[in-house]
Every structure is written in C-alpha cells, then in structure tokens.
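Inspection log for the structure reproduced underneath, given as structure tokens.
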Amino acid sequence: MYAVVTGAAGFIGSHLAEALCGSGHQVLGIDCFTDYYERSSKRRNLDALESTRSFSLSTADLRTGALPPLFDGADVVFHLAGQPGVRESWSAGFADYCSHNILATQLVLEAAAACRCPRVVYASSSSVYGTAPPRPSLETDLPRPLSPYGVTKLAAEHLCGLYAENFGLSTVALRYFSVFGPRQRPDMAIGRVIGAALRGHTFTLHGTGEQERDFTYVQDVVEATAAAATADLAPGTVVNIGGGVATSMTDLIDLVGEATGGPVAVERTPVQAGDVDRTSANTDAAHLLLGWSPRFSLREGLAEQVAWARRTFG
C-alpha cells in the first residue's frame with residue numbers, strides 16, 4: 001500500500017507513519033513544520049523514520065503546495081495535519097485555524113478527488129461535541145462546539161461529507177478523544193502534569209479538577225486509524241475513537257503521581273474559555289465498523305509516557 005500521511009512529524013502522525021512502515025507499506029509524510037511548538041520536537045519525532053527506506057518526507061504546505069503529484073497513486077491519504085489546541089483559537093488566532101484546518105482540508109480533498117484516491121481518513125476531534133451529555137457521546141449526537149477550534153474541526157468534517165456526497169470520494173472522519181502517550185504535544189495536559197511531577201514544579205490546573213476526559217492511548221489511535229484505511233465504510237462515515245473511560249483531572253493527577261513516584265503540586269486557576277466539562281466516547285461504531293476496541297488502560301499508557309519523558313528530558 002502507498003499511503004500519504006499529512007502532519008507526519010506530529011505526535012500522532014509520526015506514530016502512524018512508523019506503524020505503516022513497520023507493516024511493509026510505502027509512506028510519504030507531509031509536514032510543513034508550523035511554529036505551534038518547537039521544530040526540534042517534531043524533528044525528534046521523525047528520528048526512527050530517517051533510516052527507513054519505505055518512508056520519504058515532503059515539507060509542502062498543504063495550503064499552497066502542488067498536492068496532486070504527491071497524492072498520485074496513493075491508496076489512502078491520512079489527513080492528520082492541522083492547527084491544534086483550544087485556547088489559541090480565539091481572537092486573532094482564529095485565522096490560522098481556519099487556514100490550517102478548513103482551507104487545507106478542502107485542498108486535500110480536492111487533490112484526493114482529482115487523483116481518484118480510494119480513501120481519505122480525516123483526523124477529527126471530540127471537540128466537535130462541545131459540552132457532552134451525561135452519557136458517552138454518539139456519532140449521531142448534534143455537535144455543539146464550545147471553541148473556535150472545535151468549529152474548524154467540524155467544518156472540515158462537513159467538507160469530507162460534501163466531497164463524499166458530490167464526488168463519491170470515500171472519506172471517513174475519526175473523532176479522537178484526548179490522545180496521550182510518548183511524543184505528546186508539550187501543551188497537552190498529561191505531558192504538562194508529567195513534566196511538573198518529574199521536575200518538582202507546580203502544575204497549573206484550570207478549574208476544580210472535576211472535569212472529565214476520555215483519555216485514549218496513541219497506539220490504540222494508530223490501530224484504529226490504520227484500520228479505517230481498508231474497512232468497508234460508506235463514504236462520509238464518522239467514527240468515535242476513545243479509550244472508553246472518563247477520568248477526572250484530579251484522578252489523572254493522582255495517577256501521574258503514582259507513575260512518577262510522588263505527589264504533584266497543583267495550583268488551581270479559573271476555567272478557560274472553550275474548556276468542556278466532560279468528554280466520553282461511545283465506541284460501538286468503531287467496534288462494529290473497524291473491528292477496533294482500545295487495548296491500553298490509562299495507567300498502562302501513563303507508564304509508557306512517563307518512561308519516554310524520563311528518557312527524552314532526563
């Protein structure tokens with residue numbers, strides 16, 4: 001299989017590219033190394049791929065580059081590139097989110113349709129749900145994003161549906177729930193808690209700590225994403241990918257303390273705009289359509305991420 005992975009130098013993209021190459025597939029990674037976080041971290045994510053003959057890298061910008069030549073002959077395009085994060089998506093930052101998450105996705109879909117690509121797998125987000133109901137979210141629930149970031153991810157989902165409906169492009173959108181593990185972006189909560197614990201610093205907690213998240217280990221996400229490339233799916237399908245257990249931030253901090261060998265000092269601050277109270281995924285569709293269920297518990301995944309952080313940052 002020839003696979004294209006956009007955002008290949010990112011947290012999830014680099015893991016996916018490695019897994020695909022390890023399974024014998026030819027992979028073209030595309031990443032323009034935006035400055036959302038340090039370029040050196042993204043370069044480090046690609047260390048294991050640099051000597052892999054079945055991997056090549058393009059630094060094309062999805063918004064301005066010539067994509068059809070890159071997609072030509074591809075069996076699947078995994079579109080994981082995008083501008084992440086809720087808090088930076090307000091005010092002047094919104095323009096970048098529209099550009100990287102909406103415009104870039106439309107151009108990816110245009111190129112995939114032009115090249116008659118058999119499948120496009122789009123990395124969406126649980127942020128499209130907004131404030132979740134008092135039960136695990138279903139794909140059929142009405143999305144109500146609570147942040148501009150969530151709005152752009154939902155808009156890109158709708159674009160996938162439009163290209164499926166109008167051009168027969170086989171798209172699938174995977175709604176990832178709070179992905180964690182080695183190489184996690186430095187602005188994400190688990191990485192910041194682990195960093196505070198290992199350095200003896202204070203972790204800044206926004207809110208009371210009662211907020212709940214459905215944390216999903218990166219290896220589970222990679223397996224679901226790879227399965228979506230070949231699953232028998234109707235064009236425009238949307239699927240939740242979650243760990244299956246909602247955990248409060250207070251309990252998460254305690255678990256990190258167990259994994260690192262000591263309590264984590266916490267400073268509480270007000271809730272930030274766009275932060276939701278709860279995320280929780282119903283993954284019945286993923287099990288039925290992809291043959292996928294999460295394998296890693298939060299405790300197991302935390303142990304892996306702590307070990308990686310110790311190796312990487314000392």
Side-chain angles (χ1 to χ4, degrees), residues 9-15 34-45 47 83-90 93 125-127 146-147 149-150 176-221 242-243 245-280 294 296-314:
F11 165 38
I12 303 172
S14 60
H15 281 284
T34 62
D35 59 1
Y36 185 79
Y37 61 98
E38 296 85 354
R39 186 185 184 97
S40 60
S41 295
K42 296 178 185 179
R43 282 291 179 189
R44 185 168 56 239
N45 290 345
D47 282 350
Q83 187 81 345
V86 168
R87 295 187 183 99
E88 300 298 321
S89 67
W90 298 95
S125 167
S126 62
S127 293
L146 199 62
S147 67
Y149 166 72
Y176 297 155
F177 281 69
S178 300
V179 187
F180 75 103
R183 305 180 200 159
Q184 190 186 47
R185 291 196 332 266
D187 62 299
M188 298 181 76
I190 288 182
R192 293 190 295 110
V193 179
I194 291 173
L198 295 180
R199 296 176 178 84
H201 295 167
T202 298
F203 171 70
T204 301
L205 173 64
H206 303 297
T208 64
E210 296 176 359
Q211 312 97 299
E212 293 182 333
R213 295 290 181 269
D214 191 340
F215 295 106
T216 316
Y217 189 59
V218 65
Q219 187 58 42
D220 283 330
V221 169
V245 179
T247 302
S248 72
M249 287 299 298
T250 297
D251 287 344
L252 170 69
I253 292 167
D254 290 343
L255 287 170
V256 170
E258 291 178 18
T260 56
V264 183
V266 175
E267 177 186 6
R268 286 178 169 79
T269 62
V271 173
Q272 301 291 292
D275 283 351
V276 299
D277 293 332
R278 183 175 187 268
T279 65
S280 179
F296 290 85
S297 69
L298 176 56
R299 183 174 270 106
E300 290 169 333
L302 286 175
E304 293 294 326
Q305 187 166 345
V306 168
W308 170 81
R310 290 188 191 276
R311 291 193 306 270
T312 305
F313 305 113

### Pair Tyr217 and Phe180, ring centroids less than 6.0 Å apart
yes

### Message
Could you tell me if Thr34 and Lys42 have a donor-acceptor pair between their side chains, going purely by distance under 3.5 Å?
### Response
yes

Inter-residue atom distance [X].[atom1] - [Y].[atom2], 0.5 Å rounding:
{"X": "Ser280", "Y": "Arg213", "atom1": "OG", "atom2": "CZ", "result": "11.5 Å"}
{"X": "Leu298", "Y": "Asp251", "atom1": "CG", "atom2": "CG", "result": "9.5 Å"}
{"X": "Tyr149", "Y": "Gln83", "atom1": "OH", "atom2": "CD", "result": "10.0 Å"}
{"X": "Ser41", "Y": "Arg185", "atom1": "OG", "atom2": "CZ", "result": "12.0 Å"}

Measure the shortest side-chain to side-chain distance between [X] and [Y] over non-hydrogen atoms and say whether it is less than 4.5 angstrom.
{"X": "Arg87", "Y": "His206", "result": "yes"}
{"X": "Val266", "Y": "Ile253", "result": "yes"}
{"X": "Ile12", "Y": "Tyr176", "result": "yes"}
{"X": "Gln211", "Y": "Asp275", "result": "no"}
{"X": "Phe11", "Y": "Pro84", "result": "no"}
{"X": "Ile190", "Y": "Gln305", "result": "yes"}
{"X": "Gln184", "Y": "Ile194", "result": "no"}
{"X": "Arg311", "Y": "Pro182", "result": "no"}

### Message
I'd like to know if the side chain of Asn45 and the backbone of Arg183 have a donor-acceptor N/O pair within less than 3.5 Å.
### Response
no

### Summary
Taking every heavy atom of Ala246 against every heavy atom of Thr279, the minimum-distance pair comes out as CB-O, 3.9 Å

### Query
Which side chain to side chain donor-acceptor pair (under 3.5 Å) pairs, counting each pair once, include a residue from residues 193-204, with sequence neighbours left out?
none

### Query
Is the count of non-hydrogen atoms from other residues, nucleotides or ligands lying under 6.0 Å from Glu210 atom CD greater than 12?
no

### Task
Check side-chain hydrogen bond (donor to acceptor under 3.5 Å, both in side chains) between Glu212 and all other residues, then give those that pass, not counting sequence neighbours.
Arg278

